[in-house]
Amino acid sequence: MRKRSLIPIFRFSRIQLQNRLQWIQNLPIAVKLIVISFILIAVPLGIASYLTYTSYSASIQKNTGKYQMDVVKELTANIDTYMNELNLLTLLPYQSQQILKYLETGGRSDANLSFNERVTIEDFTKRVFANGRVDISGLTLYRVSGGTYTAMLEEQANYSLKRVEGEPWYEKVSKTGKIVYIGTFNKNALDTNNQVYSFARKIRSVDTGKVLGYLVLDVDKNMIRNKIEAISNDKKNIMIVDNEGSMIYKSMEYWIDSDKLLPYKGAGTVVYKQNNDTELLSYYTSPFTGWTMIEMVPLATLLQDTVYVRNYIILIGAVCLLLAFIIFTIFALRITNPISELRNLMKKVVVGDLHVSIPISSRDEIGQLSQSFNIMVSKLSDLGYRLYESEIREKNAQISALQSQINPHFLYNTLGSISMYAEIQGNREVVKMTNNLSKLLRYSINSHKSQVPLNMELEHVKGYMAIQQIRFEDKIQFHVNIEPELLSYSVIRFILQPIIENSIVHGIDKGNGYGNIILTGKKQDDNMLITIQDDGAGMSAVQLQHLLDKKFDFASSEEGTGGHGLMNVHRRIALRYGNQYGIKIASSLKQGTTIFLTLPLIEDHLEGGKRDA
């Protein structure tokens with residue numbers, strides 16, 4: 001059921017797609033050229049601009065990340081130097097036998113120190129505070145056997161029986177012999193701004209390796225801030241995280257969850273996203289302290305210069321697209337305007353206006369098309385005149401045929417009566433003439449076909465010559481030599497009889513009154529060649545040239561016997577079959593004239609049937 005419900009949707013979508021494609025195909029050529037050219041320029045230009053902008057931004061980001069990493073490493077090295085000095089201070093107990101001896105002795109049950117112990121501790125404390133390289137703000141010395149001595153800078157020292165096992169950092173420090181960062185503390189509970197960084201180290205016996213006590217040094221919290229400010233001017237984008245993820249130092253205005261910073265160990269530069277902000281984060285883990293120095297720069301600030309570059313690229317691209325649009329519009333109109341003009345002229349030709357011509361201003365394809373259009377219109381005009389002339393002649397022939405059809409039965413009956421009386425009188429010549437004349441009339445009047453088989457046209461000519469031979473008392477000899485295969489091909493009616501009549505009237509009759517007419521026909525290539533030759537008076541070269549000039553003058557109108565003159569025969573053939581067909585004339589004075597008829601081979605099926613190739 002679901003498949004059946006989807007079929008109308010798919011069919012409707014296909015129809016909509018076809019309609020849109022058809023709409024695109026129906027757009028003017030100028031619009032198509034402009035749109036395609038605009039796309040071919042806009043797409044590569046947009047891609048190139050985008051790649052330029054992104055590569056420039058990536059380069060800025062890469063170079064800034066490299067510079068940022070160098071800053072982070074330098075800050076880390078500076079902190080490590082300080083921490084190394086602090087580490088050396090935590091090793092001072094091993095340089096004082098009195099301190100080691102103090103730590104080895106058992107603790108007192110009261111909260112007081114002996115005079116010698118106090119002098120030893122105070123001397124050690126002064127050495128720590130007066131080191132000259134690390135600013136120590138406090139010191140605490142724990143004895144495992146009991147007793148804790150605490151000294152603050154510019155404050156009175158105190159001694160208590162507080163045991164080290166109760167300190168929250170004891171478990172972490174007791175597991176290693178290295179200096180350990182144990183956190184940030186407020187040394188004065190009443191002053192929350194008096195925060196310090198505390199570092200602890202376990203003190204062992206040099207001889208036995210037994211744990212004797214713990215030394216805790218307190219450093220002012222501003223120590224790290226001062227070290228960072230000495231190198232970095234930007235004091236709001238740096239963090240220091242220990243190896244457990246605890247925040248040691250933060251100069252950023254907004255807070256970042258330290259758990260999210262745990263994966264950043266080692267060294268690298270990444271893009272960090274938080275809320276709606278994107279930062280370029282560089283991190284480096286110190287091999288000495290295990291702390292990770294992190295610096296973050298907002299990408300919006302970092303890529304601020306790229307915004308100007310992007311705007312310039314967009315501006316230049318828009319200008320280029322505008323210029324390209326204007327240029328391609330001009331070129332498209334220059335190309336399509338001649339086509340539009342040609343289309344408008346063709347519309348005029350369709351409605352019958354053949355007096356049009358398009359000016360040719362180039363020799364490109366459009367110019368050649370315009371030239372072909374002008375030639376076509378010229379030929380159409382000439383062909384229209386020929387068709388008009390042919391129709392006029394056909395009308396004249398029909399009028400003549402109508403005039404000759406006045407009571408045809410009366411003519412046939414009259415000729416039959418004459419033939420019968422001549423037969424009774426024994427006059428065979430009259431019988432022959434009347435019978436042939438009757439056939440000629442029937443051939444001229446009854447047939448409505450413009451083309452007939454060659455054998456019918458030949459029978460008509462033979463009947464005509466039979467009458468003429470009786471008339472001239474057998475002074476004219478008529479010979480026929482036609483290839484039998486040609487007899488079935490079609491020819492135009494009344495094309496042989498006017499030529500033979502011309503041979504009698506203008507050839508033999510103007511000669512000595514005696515002569516021969518030879519009619520031959522043969523197949524030549526794909527055409528039919530009919531030759532009519534007489535040995536009459538002939539023509540001079542001037543007369544022949546005059547006649548040939550009239551043959552190609554379609555404006556002239558030569559009418560011979562019955563309206564079918566020699567030149568009329570040529571025009572009828574040329575109008576029907578083309579100028580490559582028609583008659584040719586060869587003549588010599590007092591030697592005779594030869595007429596050559598070239599006709600196509602057309603099977604006798606229907607009028608205007610298929611050519612026999």
Side-chain angles (χ1 to χ4, degrees), residues 390 394 397 432 435-436 438-469 476-504 507-508 515-536 551 560 562 564-587 592-613:
S390 177
E394 290 291 338
K432 186 176 181 181
N435 289 336
N436 287 324
S438 177
K439 292 179 181 180
L440 291 179
L441 289 176
R442 291 182 183 275
Y443 183 76
S444 301
I445 295 174
N446 291 340
S447 179
H448 298 285
K449 292 184 178 180
S450 61
Q451 290 193 170
V452 295
L454 179 60
N455 62 342
M456 291 182 63
E457 183 71 8
L458 190 60
E459 290 297 325
H460 172 69
V461 170
K462 289 180 179 180
Y464 172 77
M465 285 304 300
I467 296 174
Q468 292 291 357
Q469 286 176 332
I476 300 176
Q477 301 297 320
F478 183 58
H479 306 280
V480 179
N481 185 14
I482 302 292
E483 293 181 358
E485 62 176 321
L486 298 178
L487 298 177
S488 60
Y489 288 99
S490 294
V491 295
I492 300 175
R493 283 161 50 90
F494 301 113
I495 60 171
L496 297 182
Q497 184 263 333
I499 299 176
I500 293 176
E501 181 180 359
N502 187 78
S503 298
I504 295 174
I508 297 176
N516 298 286
I517 297 177
I518 302 174
L519 175 62
T520 60
K522 61 181 180 179
K523 185 177 182 181
Q524 187 179 62
D525 297 332
D526 291 334
N527 297 323
M528 179 192 307
L529 181 62
I530 298 176
T531 304
I532 302 173
Q533 182 180 3
D534 67 76
D535 53 1
K551 181 182 77 168
H564 301 285
L566 181 63
M567 294 303 101
N568 192 26
V569 172
H570 172 75
R571 294 190 186 100
R572 292 175 63 201
I573 295 174
L575 286 172
R576 180 175 289 270
Y577 303 124
N579 291 330
Q580 67 271 33
Y581 301 103
I583 67 172
K584 293 182 180 179
I585 305 172
S587 180
T593 302
T594 304
I595 307 296
F596 302 94
L597 278 81
T598 303
L599 301 171
L601 292 176
I602 300 177
E603 293 285 354
D604 182 36
H605 297 304
L606 294 174
E607 181 175 337
K610 182 175 67 176
R611 290 191 182 185
D612 181 13

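Remember, predicted model here, so these are calculated numbers, not experimental data. Starting from 1, each residue takes its place in the sequence as its number.
The two residues Phe494 and Arg572 come nearest to each other via the heavy atoms O-NH1, 3.4 Å. Residues Gly521 and Leu486 share a closest heavy-atom pair of C-CD1, 3.6 Å. Residues Ser503 and Ile517 share a closest heavy-atom pair of CB-CD1, 4.1 Å.
Every residue meeting the side chain to side chain contact (heavy atoms under 4.5 Å, CB included) condition with Gln477, not counting sequence neighbours, appears here in chain and number order: His479, Asn516. Looking at residues two or more places apart in sequence or on another chain, you find a side chain to side chain contact (heavy atoms under 4.5 Å, CB included) between Leu599 and Val491, Ile495, Met528, Ile530, Ile573, Tyr577. Scanning for side-chain hydrogen bond (donor to acceptor under 3.5 Å, both in side chains) contacts around Gln533 gives an empty result, with sequence neighbours left out. Thr594 pairs by the side-chain hydrogen bond (donor to acceptor under 3.5 Å, both in side chains) definition with nothing, not counting sequence neighbours. Thr593 meets the side chain to side chain contact (heavy atoms under 4.5 Å, CB included) test with Asp534, Met539, Ile585, Ser587, Ile595; sequence neighbours excluded. Remark: Lys462 pairs with Leu458, Glu459, Phe478, Val480 by the side chain to side chain contact (heavy atoms under 4.5 Å, CB included) rule, at least two apart or across chains.
Taking CD of Glu457 as the start and CD1 of Ile492 as the end, the distance is 10.0 Å to the nearest 0.5 Å. A distance of 7.5 Å separates CD1 of Ile518 from CG of Asp535, quoted to the nearest 0.5 Å. Put simply, CG on Asn481 and OG1 on Thr531 are 10.5 Å apart, with the number rounded to the nearest 0.5 Å. How far CG of Leu601 is from CG of Asn527: 6.5 Å, rounded to the nearest 0.5 Å. Rounding to the nearest 0.5 Å gives a distance of 10.5 Å between CD of Gln497 and CE of Met465. The distance from atom CD of Gln468 to atom CD1 of Ile476, rounded to the nearest 0.5 Å, is 6.5 Å.
Residues Tyr581 and Arg576 fail the side-chain proximity criterion, which asks for heavy atoms closer than 4.5 Å. Asn455 is not listed as a side-chain neighbour of Ile482, based on a closest heavy-atom distance of 4.5 Å or more.
Remark: the backbone N or O of Gly582 is not paired with any side-chain donor or acceptor of His570 at under 3.5 angstrom. Between the side chain of Gln451 and the backbone N or O of Arg493 there is no donor-acceptor pair closer than 3.5 Å.
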